[in-house]
Amino acid sequence: IEDMQPVFESTQSLLVELEMDALTQLDLAQSMLLPDPYRLTDFFSEAEFQQIVRLMRGRIEGARLKVVKPWVVFVQLYSARSDAEQTMDMLIAHNYHQLKKPVKGLESVSRQLSVFDALSYQQQAALVRRALEIYQVQSATLNQRLFQYYRRGDLINLWVLQEQFVEDMGPIFVPLNQATLGGRNRDMLERIMTSTPRAAQLIAVGALHLPGSDGLLCLLEGKGYRVRPAVLGQR
């Protein structure tokens, strides 16, 4: 974050995936919950649920875990943070708020989560089961590689890692992956094109939204923009 201060100071506003104001956070929290009378235990065996309890420790625990939708477990399983920690875009947004510069969202909660809610609870649970199988085998190296590529800005290997994960997950995951990345990228591009003023803006999205033929970098280049990496930490 400290290395990005020159970027914060030289740009006039920020675009993030979701503008995490109080209403958005409330909407997001409510969207994660199963409607009555469903419980997470309805979709997993006792052994599977106890495995989920162990893996979600420090992320989602207690009574709250029993009422979240299965897709929440899937997302948290491969999240590199605890449930209470802030994401990078939240930290960046905090800096812009301190500088009293506008922060706008590229998506709504309903749009971002529609790719998961289009699946039945049984389909979501099937995704979790497959993810648990992969996690047991790869968890020791997956996060290590993810951090390594992320810290050095290695988008190529991040994309290779993602493609390998899609292959390992199998056909059940392909439509979800296409909607989560390619579909949302095109929607975000449209929002960027209509929201970007003449003044400089910072656009902060997850790293996997950048690479690939359907990634934001290629999509922006297709609109005539010149995209090149920034050198941080230099004034």
Contacts of Q25 meeting side-chain contact (heavy atoms from CB on, under 4.5 Å) (sequence neighbours excluded), chain-then-number -> M20

Could you tell me the separation between the CE atom of M56 and the CD atom of Q51, rounded to the nearest 0.5 Å? 9.5 Å

For M169 and F74 the tightest heavy-atom approach is CE-CE1, 3.8 Å

Do V160 and Y149 have side chains that approach each other closer than 4.5 Å (heavy atoms only, starting at C-beta)? no

Let me confirm one number: the CZ-CD1 distance from R129 to I52, rounded to the nearest 0.5 Å. 8.5 Å

Test of understanding: with ring-ring contact (aromatic ring centres under 6.0 Å, His included), list the residues that count as partners of W71, not counting sequence neighbours. F116

Check the surroundings of atom OH in Y150: do more than 12 heavy atoms from other residues, nucleotides or ligands lie under 6.0 Å from it? no

Which salt bridge (Lys or Arg N to Asp or Glu O under 4.0 Å) pairs, counting each pair once, include a residue from residues 172-184, with sequence neighbours left out? E17-R184, E107-R184

Just to verify, what does Q50 make a side-chain hydrogen bond (donor to acceptor under 3.5 Å, both in side chains) with, not counting sequence neighbours? E46

Hey, can you pull the donor-acceptor pairs under 3.5 Å for the side chains in residues 170-182, sequence neighbours left out?
from: N177; atom 1: OD1; to: Q162; atom 2: NE2; distance (Å): 2.6
from: T180; atom 1: OG1; to: L176; atom 2: O; distance (Å): 2.6

Is the backbone N or O of I192 less than 3.5 Å from a side-chain atom of S195, with the two atoms forming a donor-acceptor pair by type? no

Could you measure the distance from the CD1 atom of I203 to the CG atom of L15? Nearest 0.5 Å is fine. 5.5 Å

At their closest point, which heavy atom of Q76 faces which heavy atom of I60, and how far apart are they? CG-CD1, 3.7 Å

Would you list the pairs meeting ring-ring contact (aromatic ring centres under 6.0 Å, His included) in which at least one residue belongs to residues 6-30, sequence neighbours left out? F8-Y96

Any donor-acceptor pair under 3.5 Å from T24 side chain to E19 backbone: yes

Donor-acceptor contacts, no H, no angles, side chain residues 205-218, under 3.5 Å, sequence neighbours left out:
from: H209; atom 1: ND1; to: N185; atom 2: OD1; distance (Å): 2.6

Smallest separation among heavy atoms of R152 and N157, with atom names: NH2-ND2, 3.8 Å

Rounded at 0.5 Å granularity, tell me how far CE in M4 sits from CE in M88. 7.5 Å

For F49, the ring-ring contact (aromatic ring centres under 6.0 Å, His included) test, sequence neighbours excluded, returns none

For a 4.5 angstrom cut-off between non-hydrogen side-chain atoms, does Q5 reach N95? yes

When every non-hydrogen atom of S10 is compared with those of K101, the smallest separation belongs to N-NZ, 4.4 Å

Let me confirm one number: the OH-CG distance from Y121 to L34, rounded to the nearest 0.5 Å. 5.5 Å

Minimum heavy-atom separation for S108 and S110, please, with both atom names. OG-OG, 3.0 Å

Residues which pass side-chain hydrogen bond (donor to acceptor under 3.5 Å, both in side chains) with E163, listed by chain and number, not counting sequence neighbours: none

Over all atoms of both residues, closest heavy-atom pair of A93 and L14: CA-CD2, 3.5 Å

Sequence-distant partners of R57, side-chain contact (heavy atoms from CB on, under 4.5 Å), two or more places apart: V53, R54, E61

Which residues pass the side-chain contact (heavy atoms from CB on, under 4.5 Å) test with D27, not counting sequence neighbours? S31, V109

My understanding is that only one of R191, R186, M193 makes a side chain to side chain contact (heavy atoms under 4.5 Å, CB included) with L189; could you say which? M193

Go through the structure and list residues passing side-chain contact (heavy atoms from CB on, under 4.5 Å) with Q123, not counting sequence neighbours. L119, S120

Separation of L161 CG from I156 CD1 (nearest 0.5 Å): 13.5 Å

